[in-house]
Amino acid sequence: MQTYPENRLRLLQDSKPDQLLIHEIYRSIQGESHYAGWPCVFVRTSVCGQRCTWCDTPHAFTQGEWIPIADIITKVASFQTRLVELTGGEPLLQHGTIELMSELCRLDYKVLLETGGAESLEHVPPGVHVIMDLKCPDSGEAERNYWPNLDLLKKTDEIKFVIASVEDFTWTIKQITENNLHTRFQVLVSAVFGKVTLADLATWVLDSGLPIRMQLQMHKFIWDPQARGV
């Protein structure tokens, strides 16, 4: 696996539309979202424009290999699993992900996109199920939330808040109520692993009185929390 320098965003801008800088492709159990528990193929792209304080995949910032989209699809097909998620890194930093998602949809895969919320969803194919973060203050990236995305999401898409403190949860409730997110989309909240206890988060969710869904990062309970490729 090749390592790229910190100015890698320029490298992506100069990339070809028929290839992607990929960190890993693997099959595992989907650990989050409405699809938690299902076998899923993960296509993890390299490079991210955000630096969340609690990020659990910093190895995807600079490591990866250029792979033609046709070869990515062949690799995905080899797992014989119809649920596919593009994650990162940040998939929407690479123009080729739109082509990849479009082709996977055409081939009748169920395609999920996990995105950090700083990049526009404008060109995401309508058949893709979007799971979009709204970054809380403790992430250090809340100022980069791209709020126009709220008008681009479908009712069936999901918004995810990753909670590192009670202050994060208070901020989350404010965003949900002010933007009526709980009536417009599926809303998920999850705890930063090792920062907020699940019992505390469950209590906060119940006390909020809102129809929001608490989720676990299931894969971190099945395997070592630091394990890759799961």
Side-chain angles (χ1 to χ4, degrees), residues 1-4 8 11-48 56-57 59-116 119-133 152-154 156-158 160 186 188 215 217-224 227-230:
M1 180 173 290
Q2 193 167 351
T3 300
Y4 293 91
R8 63 205 176 283
L11 185 66
L12 291 182
Q13 291 169 358
D14 294 339
S15 66
K16 298 178 181 178
D18 61 347
Q19 61 182 355
L20 289 170
L21 188 59
I22 296 293
H23 183 266
E24 55 188 346
I25 302 174
Y26 60 96
R27 181 176 181 265
S28 186
I29 295 296
Q30 174 61 261
E32 303 180 71
S33 82
H34 174 76
Y35 293 89
W38 289 101
C40 182
V41 177
F42 292 86
V43 179
R44 185 180 302 282
T45 63
S46 302
V47 180
C48 186
D56 57 3
T57 52
H59 44 87
F61 290 169
T62 59
Q63 299 174 5
E65 298 291 341
W66 290 106
I67 303 178
I69 289 175
D71 291 351
I72 296 172
I73 292 172
T74 298
K75 179 68 172 178
V76 168
S78 72
F79 291 106
Q80 299 184 334
T81 299
R82 303 306 297 179
L83 183 65
V84 182
E85 177 175 294
L86 271 71
T87 185
E90 172 50 65
L92 293 180
L93 285 176
Q94 301 192 51
H95 300 304
T97 57
I98 301 300
E99 174 64 26
L100 174 60
M101 289 187 290
S102 296
E103 183 62 12
L104 288 170
C105 287
R106 189 188 70 80
L107 293 170
D108 204 29
Y109 285 93
K110 180 61 184 179
V111 181
L112 315 181
L113 168 66
E114 186 160 2
T115 177
E119 310 302 325
S120 175
L121 299 171
E122 182 178 3
H123 300 295
V124 173
V128 171
H129 181 87
V130 179
I131 305 155
M132 187 189 81
D133 279 21
L152 298 172
L153 288 167
K154 306 179 294 297
T156 53
D157 290 332
E158 302 178 63
K160 179 176 71 172
Q186 301 180 62
L188 308 170
Q215 65 169 3
Q217 291 180 294
M218 186 184 295
H219 49 290
K220 291 189 176 181
F221 293 89
I222 300 173
W223 296 284
D224 187 304
R228 299 189 189 184
V230 297

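Computed from a predicted structure; not experimentally measured. Computed from heavy atoms alone, side chains included, the values below leave out hydrogens, waters and symmetry copies.
To the nearest 0.5 Å, atoms CD1 (I29) and CG (L83) are separated by 10.0 Å. Atoms OG1 and CG, from T97 and L20 in turn, are 6.5 Å apart once rounded to the nearest 0.5 Å.
The one candidate from V43, L86, V41 that meets the side chain to side chain contact (heavy atoms under 4.5 Å, CB included) condition with L104 is L86.
Scanning both residues, G127 and C105, for their nearest heavy atoms gives C-SG, 4.0 Å. When all heavy atoms of S28 and F42 are compared, the closest pair comes out as CB-CE1, 4.0 Å.
Two residues are said to be in side-chain contact when any heavy atoms from C-beta on lie closer than 4.5 Å; I98 and L92 meet this criterion. Counting only heavy atoms from C-beta outward, the side chains of R82 and D108 approach each other to under 4.5 Å. For the pair Q94/L21, a side-chain contact is recorded, criterion being any heavy-atom separation below 4.5 Å from C-beta on. Looking at heavy atoms from C-beta onward, T115 lies in side-chain contact with E90 at the 4.5 angstrom threshold. Between L188 and E32, every side-chain heavy-atom pair lies at or beyond the 4.5 Å cut-off. Looking at F79 and V84, their side chains never come closer than 4.5 Å, going by heavy atoms from C-beta outward. Contact check for T45 versus I22: side-chain heavy atoms found under the 4.5 Å cut-off. Residues V124 and L152 form no side-chain contact, since every pair of their non-hydrogen atoms from C-beta on lies 4.5 Å or further apart.
At distances below 3.5 Å, not a single donor-acceptor pair connects side-chain atoms of K154 with backbone N or O atoms of V130. Listed for the T81 side chain is no donor-acceptor partner under 3.5 Å among the backbone atoms of P39. Side chain of E114 to backbone of E85: no donor-acceptor contact under 3.5 angstrom is found. Looking at Q215, its side chain does come within 3.5 Å of a backbone N or O of S33 through a donor-acceptor pair. With R27 contributing its side chain and C40 its backbone, the two residues share no donor-acceptor pair below 3.5 Å.
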#### Entry: Verdict with supporting geometry, L100 and I73, side chain to side chain contact (heavy atoms under 4.5 Å, CB included)
CA-CA 8 Å; L100 174 60; I73 292 172; 3.7 Å; yes

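The aromatic rings of Y35 and H129 lie perpendicular to each other, with more than 60° between the two planes, well past the 30° mark.
More than 12 heavy atoms of other residues, nucleotides or ligands lie within 6.0 Å of NZ in K110, so this atom counts as buried by the packing criterion.
Between the side chains of Q63 and S46, no donor-acceptor pair of N or O atoms lies under 3.5 Å.
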